[in-house]
Amino acid sequence: MTSQIISYCRIKNDGVILNDRPLPYDTSSLKQWYQGLSIHYPKFHKMDRYSQLVFLGVEELWTQIRPAIDFEASISMIFANSNSCIHTDMGFYKTLEKNRPSPSLFVYTLPNIMMGELSIRHQWKGEQFFFILPKFDAIFYYNYTNLQFEIGKKFALVGWVEQTGQQLDLLLYFISNSSVTGPISIAHTIEELNKLYTI
Amino acid sequence: MTKAELILQLKQQIIEQLNLEEVSVTDIEDEAPLFGEGLGLDSIDALELIVLLESEYDIHLDNPKEGKEIFHSVASLSEFILQYQHS
């Protein structure tokens with residue numbers, strides 16, 4: 001079985017691309033995007049902005065492929081960035097300086113949301129990984145995703161979820177190692193991963 | 001301060017204290033439940049609201065069991081604060 005990228009979402013400061021098509025949302029204000037999806041998920045409002053971006057991006061991806069995927073299918077999540085949730089951590093550090101630390105600042109931050117809220121929201125029960133890497137590494141993603149397929153997994157949600165200063169750099173994609181197809185079909189290769197990242 | 005003014009102030013303080021990104025005061029209904037549905041707050045947020053009462057209104061909850069009723073909505077919270085201030 002040849003694995004295929006069946007849906008992807010690229011998020012940068014200047015916009016959102018879903019499967020080669022731009023979405024009409026401004027990444028500086030996520031309320032419109034959330035309302036546009038017509039979902040009710042109160043925990044969304046508790047997330048830091050970066051987690052909200054990933055939540056919305058995954059929501060878009062999942063809407064595209066959900067009808068085709070068996071709900072019992074095990075979906076592995078493989079995420080990475082270079083600094084975890086340092087931006088929110090720094091905000092929490094500032095509350096320490098005011099002698100009133102805010103627990104709500106660090107509870108709903110990036111890795112927790114990746115591994116927890118997404119699973120709860122979508123009822124995914126597969127394996128979960130969050131790596132800290134110096135930069136987007138297509139070879140690492142390719143090899144690690146294939147490891148999941150070698151042990152019998154059929155689907156993987158993969159993401160490079162980076163923020164450097166105010167610069168957003170997110171790439172989220174679903175890979176199928178089954179006969180299930182999606183709105184797009186891109187060969188799961190290192191070359192194609194690098195192409196997607198340069199969009 | 002009138003009840004309406006207090007409710008508006010509380011909404012602003014809750015948004016700031018709980019770091020509710022993308023939420024505005026108009027998104028919070030006076031009578032809507034703060035926990036579970038509505039804003040979907042949880043136990044961590046309850047702690048934040050207790051800290052808010054202490055730091056902004058100098059109110060210390062002696063009996064945590066009172067919290068469920070007091071923190072039901074912004075309206076109930078405002079009523080509790082006004083009663084406390086006039087007692």
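Any value given below was found using the heavy atoms of this structure, including those in side chains, with hydrogens, waters and symmetry copies removed. Convention: sequence-line order gives letters A, B, ...; per-chain numbering from 1. On a predicted model such as this, the values are computed, not experimentally measured, just so you know.
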B/Glu16, CD atom: more than 12 neighbouring heavy atoms under 6.0 Å: no
ILVMFWY cluster, B/Leu77 and B/Tyr57 together (side-chain gap under 4.5 Å): yes
Same apolar cluster: A/Ile132 and A/Val158, side chain cutoff 4.5 Å: no
Shared hydrophobic cluster for A/Tyr173 and A/Ile199 (ILVMFWY, side-chain gaps under 4.5 Å): yes
Proximity breakdown for B/Asn19 and chain A, heavy-atom pairs closer than 4.5 Å: both
Atom CD of B/Glu5: over 12 foreign heavy atoms under 6.0 Å: yes
Same cluster (ILVMFWY, side-chain, under 4.5 Å), A/Tyr141 and A/Ile186: yes
Proximal component of B/Leu47, with respect to chain A [non-hydrogen, under 4.5 Å]: side chain
Residues of residues 30-61 of chain A with any heavy atom under 4.5 Å of a heavy atom in chain B: A/Leu30, A/Lys31, A/His40, A/Pro42, A/Lys43, A/His45, A/Lys46, A/Met47, A/Asp48, A/Arg49, A/Gln52
Joint hydrophobic cluster, B/Leu6 plus B/Leu53, side-chain heavy atoms closer than 4.5 Å: yes
